[in-house]
There are 4 protein chains.
Amino acid sequence: MPAKSSSDKQGGRTFIESARRAQIVDAAIVVIAEQGYAGASFAKIAKQAGLSSTGMISYHFKGKDDLIREVVAEVMRVNGEFLLSKMDTEASVLGRLRLYITARLALLDEYPKHQRALQTIVNAVHNEDPELRGLTPAMTALATEQERRIRVGQEQGEIRQLDPRVLVLAVNGALNEATSRAAFDPDFDTAACARELADLFDRAARKQ
Amino acid sequence: MPAKSSSDKQGGRTFIESARRAQIVDAAIVVIAEQGYAGASFAKIAKQAGLSSTGMISYHFKGKDDLIREVVAEVMRVNGEFLLSKMDTEASVLGRLRLYITARLALLDEYPKHQRALQTIVNAVHNEDPELRGLTPAMTALATEQERRIRVGQEQGEIRQLDPRVLVLAVNGALNEATSRAAFDPDFDTAACARELADLFDRAARKQ
Amino acid sequence: MPAKSSSDKQGGRTFIESARRAQIVDAAIVVIAEQGYAGASFAKIAKQAGLSSTGMISYHFKGKDDLIREVVAEVMRVNGEFLLSKMDTEASVLGRLRLYITARLALLDEYPKHQRALQTIVNAVHNEDPELRGLTPAMTALATEQERRIRVGQEQGEIRQLDPRVLVLAVNGALNEATSRAAFDPDFDTAACARELADLFDRAARKQ
Amino acid sequence: MPAKSSSDKQGGRTFIESARRAQIVDAAIVVIAEQGYAGASFAKIAKQAGLSSTGMISYHFKGKDDLIREVVAEVMRVNGEFLLSKMDTEASVLGRLRLYITARLALLDEYPKHQRALQTIVNAVHNEDPELRGLTPAMTALATEQERRIRVGQEQGEIRQLDPRVLVLAVNGALNEATSRAAFDPDFDTAACARELADLFDRAARKQ
DNA sequence: CATGAATGAGTGTTCATTCAT
DNA sequence: AATGAATGAACACTCATTCAT
């Protein structure tokens, strides 16, 4: 068995290379969350990461697009894991909806910077940078899956006749708004908000 | 009756000065809506406005803050007028809520760039530009008023026991999400979305 | 005798024209004294003069050079008048030297902004603006006259053998330094400084 | 013994970094001396230094303040070294005064641009750039030390009763004036001026 | 693998000046 | 005689990116 070396690879990248990328991505998340998208220059990210030059970042990422994409991927990976862990047992559609709302708001306490960063990126990038459009498919895929679930609930008689797309839109819109609010209002009570929102959309969607 | 001259003033500004400012504000709205906040440089705005230099903009506005503030003010003026014209007769709280949702979505057809620009600015500015925080009070004031209305509805037995702040958050979150969606999905049916959302929040809020 | 009209001229300029020029020159003196040469933009001078646009200044002066030259001329006129009024009776060269020193320092109390403005201009303009070199002749002429006087004093046995140019240089250098000091040290005692400097140069120049 | 590399540091800066900074500071000294403070734009300094862009300067200095401060520090370092080397043996106060005058004027031959640049900066910065006020303390400290020396001379009976502050003011004023003169009069004889000034202030200050 | 140095386009802003009215 | 509007060059400064070492 050969000795561990810096050229051991995982996913086409050496160990140390992956570590550096992760370090930079983490720094980027913090800077974006705290300083906004426009404030997230390579200089500031390098400083946050404890690197001495921006060249470092350009060396590990093909461009700013690449870095931002990685940030989004990382946040979605973390969120996905968390959400999955909260939902896997529940069977009913309305129950899953309630769990989703609760879990999304729990994320605000668990990974506040991640949520803020993701939202900042999505808002900033929406139309500006054509190279970055590629990040939304992953999010629309999620929405599509949610809509499918709602339809199942309608077929099973759990959920009233409504446009599933609009319900999904409303739920996610409300959750995003809560994310914004939580970022600036330190007194924002995520648990209470979760209960209220869950009740609210339960009533809105439940048959009868 | 004195002859009209270029030095006639209104609100401390020359006629032509006001016209130029309006022209620049309009150009800024378009650029911000289409290219995002980061893409809205003086150079691009000047080009959109058909001006030959960015100095022109600096000549008419004290700084970028000033311009952005004017953009926000203009959008809120237009929106405010439109919303008021749609709401003044209705008496019941739930009725007003329905009208508000419908009117907000109608704005997407009436002034799509305005909505997109406002949303872009609010998102971008939230934490980035401390000079511009001053624009949010006007919007929180609106939210506070909406919460007050909901409380009235609760006292009158129209609306069930719920946290008014959360209902307002959810409604506005959904409307903002719809605004985002409409900006990129040309097939987005605002009228249908309005009906669905109105029903949704009516059910969510109505007593029994 | 014809009625007074705005086209009455003096020195090739109408009355009102001269008044405007004087008003602008006065404003320029204040701004230059308070904000320095680089800070003395047409915009600031216009504001200080209570004018609404910088075009006004360009209209009355051929260029910035022209304005600055006028400022220098005005200060030297005022200073010249004051100095003459203080010196005309004294006969001895050393006496005149003492009077000159005293009068120059008295000017700091009488017209502080004028002195500060003149010094600022001379320092800033020395080599920068070739168009403005023309203002120094007037000042070198003064120095030459002072040197001539010293020579007279030497011939009359009042003043010891020394290079008159160096004495004049030293006296004026000391006075300029005092002007600088007075501008920033509110406790600077011009009268005391005048007595000390007068004694100092009297001893330095007096025969035996 | 490790090989020399570009990352060898001294004083927290790379070797080549320090070299570039020195190169830029030298260029700045020349430009300021020749074109004045207002004329000393990054563009002109970059050109003088043979650099292709002004970004270079911003890369090596935090801002214009930083560069100017460095220029002042460099000139004062050079001057300080030179003055110290000329004065260390002399004991009597009047002797030291004579040496100081001579050395200051010798500096005009040794480092003419340095003197011109320093004077230009001090004059320009006095009231204009509040960020740069911090450079004067170093110079007032020098003056205070000189005044102290004069007082010692008075206690030792070498120097007559006079206000030491005024003597120091006069000496430095005269030396500054000579610096100005030397900058524009190529025939200015610094050595002769030094002898004359030394005699002049010796007589002015000496007891009896 | 890493980095310090360099680049050049782009940022918002100020400037003296011109000109039609 | 006066002025508001416009101009375009210049300003210091930041940016993501490249590259030799």
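Following rounding to the nearest Å, D/I68 (CD1) and F/dC11 (C1') show an atom-to-atom distance of 14 Å. Rounded to whole angstrom, the span from the CG atom of D/L51 across to the P atom of E/dA6 amounts to 8 Å. Between C/L67 atom CG and E/dC15 atom P the separation is 15 Å, expressed in whole Å. Remark: P of E/dC15 and CD1 of C/I45 are 10 Å apart, rounded to the nearest angstrom. Distance A/K47 NZ to F/dT14 C1': 15 Å, rounded to the nearest Å. One interatomic measurement links the two molecules: CD1 of B/I16 to P of F/dT3, which rounds to 17 Å at whole-angstrom precision. Atom NZ in B/K64 sits about 16 Å away from atom P in F/dT14, given to the nearest Å. Rounded to an integer number of Å, the gap from B/I57 CD1 to F/dA5 P is 16 Å.
No side-chain heavy atom of B/T120 sits under 4.5 Å from any side-chain heavy atom of A/N123. Looking at A/I45 and A/L67, their side chains come closer than 4.5 Å, going by heavy atoms from C-beta outward.
Each of C/S41 and A/G55 was assigned the nucleotide of DNA chain E with the nearest heavy atom; the assignment lying further toward the 5' end belongs to A/G55. Looking at which nucleotide of DNA chain F each of C/M56 and D/K44 is closest to, the 5′-most match is held by C/M56.
Nucleic acid contact for A/S53: base, since at least one base atom lies under 4.0 Å from a heavy atom of the residue. Note on D/S52: only backbone sugar-phosphate atoms sit closer than 4.0 angstrom, heavy atoms only; bases stay farther off. When heavy atoms are screened at a 4.0 angstrom cut-off, D/S58 is found touching base atoms of the nucleic acid. Residue contacts shown for D/F42 are limited to sugar-phosphate atoms, with no base heavy atom under 4.0 Å away.
Checking F/dA2, E/dA5, F/dA6 against every side-chain atom of C/H60, the shortest atom distance belongs to F/dA2. Of all nucleotides listed (F/dA12, F/dT3, E/dG12), F/dT3 comes nearest to the side chain of C/Y59. Closest to the B/A43 side chain, of the nucleotides E/dG4, E/dT11, E/dA5, is E/dT11. Comparing F/dA2, F/dA5, E/dA6 against the side chain of C/R20 picks out F/dA2 as the nearest.
Between the side chain of C/T54 and the base of E/dC15, no donor-acceptor pair of N or O atoms lies under 3.5 Å.
Residues D/E34 and D/K113 are paired through a salt bridge, judged by an N-O separation under 4.0 Å between the basic side chain and the carboxylate.
Of the nucleotides present, F/dT3 is the one that pairs with E/dA20 by Watson-Crick or G-U wobble criteria, both distances under 3.5 Å.
Relative to the six-membered ring of C/Y37, C/K64 meets both conditions, a distance below 6.0 Å and an angle of at most 45° to the axis.
Checked options D/V25, D/V31, D/I32; the residue passing with D/I29 is D/V25 (criterion: side chain to side chain contact (heavy atoms under 4.5 Å, CB included)).
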